[in-house]
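For reference, the structure is listed below as structure tokens.
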Amino acid sequence: MPDPTLPDVQMNLVRPKEPVIGRLVGSESCMKGRSASFVRHVDIDVSGTPLEGNFRAGQAFGVVPPGCTAQGKPHSVRLYSIASPSWGEDGEGKVLSTTVKRVIDERDTDDAQVHDLFLGVCSNWLCDIALDAEVPVTGPSGKRFLLPERPNDHNYVFVATGTGIAPFRGMVKELLEHPDGPCTSQIHLALGVPYGTDLMYDDLFTTLAQSHDNFHYHTAISRPETGKRRYVDRVIVESEAITALLANERTLLYICGLKGMEDGIYRHLLEQGIVDQYLNWPDDIPREPSNVSERKVRAGARCMVEVY
Ligand code: NAP
């Protein structure tokens, strides 16, 4: 089985210094319930801009929030994962979407007396604005975290933590709601979040799993009210079906979310004797589980990783 062929994609059609204007056409919570976090699914109309029809699921676009920093400089661009299939929310590539979590935290400083509330500038602005508001946008960017050109040639294991689910919403919709008919390959999606109420797009994935025998939706809750904490890599380790699928040479592995989430998955690949199918492991690094966290092993052609 040859390595997947990725499509050619448009890159940086709109530069950060000269954003174009999109318009907010949708904004709704995409969480399962009330939580300490706030995540919104946001739709932006980019028709008439160079982004129209020129983005793919898995790519990112930029948002430049209005206003200036405390130093008086214009705010810089922030990148958001596209959560739409490549044909957009409207089927014509005019409306793209993303998954925005409000950044809300106590300020972390060296001075223990300074611990005031910090509100992320762009995420809160994007979540605050009303329909029809202007949104300065840039991009698209990213040429590797993509679905392959021939989707039916491959199986898929998608693993997300938190808002790392964004690109997988677009990819799963693209695979299962394709105008030419749904992809018939095996597709597993695993999402890890702190609380059950934090699950994003849960209705969508549950409904798709009910209507497509080849789509399997798994969740891991790290701070359950009762029972054991579970990280999403345990879903992969404990599932015989996913482990068997990973051993299949047609399978592609996609990982998106928090840095470090890949370690447990890589260790599992090593233990299963299939690590070389997904990672480029240099000869001079001993093949031991402790070395996956040294960041010396690199994702290979069948492994797409976006972690921050
Ligand atoms: P979140 O709601 O805090 O959820 C993250 C979940 O992962 C929590 O349940 C957390 O558990 C768990 N976790 C922590 N360490 C882990 C590990 N080593 N292995 C497995 N699970 C682990 O997430 P968030 O605030 O949305 O953050 C998501 C991250 O994804 C951000 O860093 C964001 O930048 C990134 N992201 C990347 C892209 C992209 O690259 N395209 C797109 C969207 C988001 P506990 O907190 O209970 O320990």
Side-chain angles (χ1 to χ4, degrees), residues 9 29-42 55-63 77-84 96-105 118-120 122-124 126-127 139-147 157-172 189-202 218-238 253-269 289-290 292-295 299 303-308:
V9 291
S29 171
C30 56
M31 304 178 73
K32 192 172 166 74
R34 286 184 69 84
S35 163
S37 302
F38 301 94
V39 186
R40 296 187 81 80
H41 176 79
V42 163
F55 56 85
R56 304 286 294 227
Q59 284 193 294
F61 72 107
V63 176
V77 67
R78 269 70 163 182
L79 294 185
Y80 290 92
S81 273
I82 293 174
S84 314
L96 55 70
S97 69
T98 188
T99 314
V100 189
K101 180 175 184 175
R102 288 183 185 270
V103 175
I104 303 173
D105 212 343
F118 171 80
L119 294 177
C122 194
S123 64
N124 281 290
L126 256 182
C127 287
S141 59
K143 54 183 176 185
R144 198 171 129 63
F145 201 85
L146 301 167
L147 288 175
V157 176
F158 298 122
V159 192
T161 50
T163 49
I165 193 67
F168 300 144
R169 175 188 180 269
M171 290 181 180
V172 167
L189 170 68
L191 167 61
V193 292
Y195 304 101
T197 49
D198 289 325
L199 289 169
M200 287 152 277
Y201 307 115
D202 187 62
H218 314 261
T219 59
I221 308 300
S222 63
R223 306 177 203 172
E225 275 183 41
T226 55
K228 234 176 114 193
R229 291 174 61 99
R230 194 157 181 252
Y231 274 176
V232 73
D233 49 289
R234 296 310 300 171
V235 171
I236 312 304
V237 173
E238 289 165 13
L253 171 62
Y254 292 73
I255 300 172
C256 187
L258 285 180
K259 200 170 184 61
M261 66 176 284
E262 68 279 25
D263 293 354
I265 303 168
Y266 289 0
R267 278 194 294 273
H268 184 57
L269 297 174
S290 56
V292 298
S293 53
E294 283 198 21
R295 308 282 180 263
C303 185
M304 328 293 170
V305 186
E306 292 250 340
V307 288
Y308 295 102

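Since the model is a prediction, treat every value here as computed from it, not as a measurement. FYI, the numbering just counts along the sequence from 1. Every number for a ligand or one of its atoms is a count from 1 in the order of the listing.
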Apply the test side-chain contact (heavy atoms from CB on, under 4.5 Å) to residues Leu199 and Thr219: give CA-CA distance (whole Å), side-chain angles for both, the deciding distance (0.1 Å), then the verdict. CA-CA 8 Å; Leu199 289 169; Thr219 59; 3.6 Å; yes
Parallel, tilted or perpendicular, judged at 30° and 60°: which one describes the rings of Phe145 and Phe168?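 It falls in the tilted class, 30° to 60°.
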Using salt bridge (Lys or Arg N to Asp or Glu O under 4.0 Å) as the criterion, list what pairs up with Arg56, not counting sequence neighbours. none
Nearest non-hydrogen partners of Val235 and Ala220, listed with the distance: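 Where Val235 meets Ala220 most closely, the heavy atoms are CG2-CB, 4.0 Å.
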Please output the residues near ligand 1 using a strict heavy-atom distance under 4.0 Å, listed in chain and residue-number order.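 Heavy-atom contacts below 4.0 Å: Ser81, Lys101, Thr161, Gly162, Thr163, Gly164, Gly192, Val193, Pro194, Ser222, Arg223, Arg229, Tyr231, Asp233, Cys256, Gly257, Leu258, Gly260, Met261, Glu306, Tyr308.
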Can you confirm whether the side chains of Thr99 and Tyr201 place a donor and an acceptor under 3.5 Å from each other? yes
For Glu262, is there an ion pair with Arg267 - N to carboxylate O distance below 4.0 angstrom?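 Looking at Glu262 together with Arg267, the answer is no, because their closest N to O distance does not fall below 4.0 Å.
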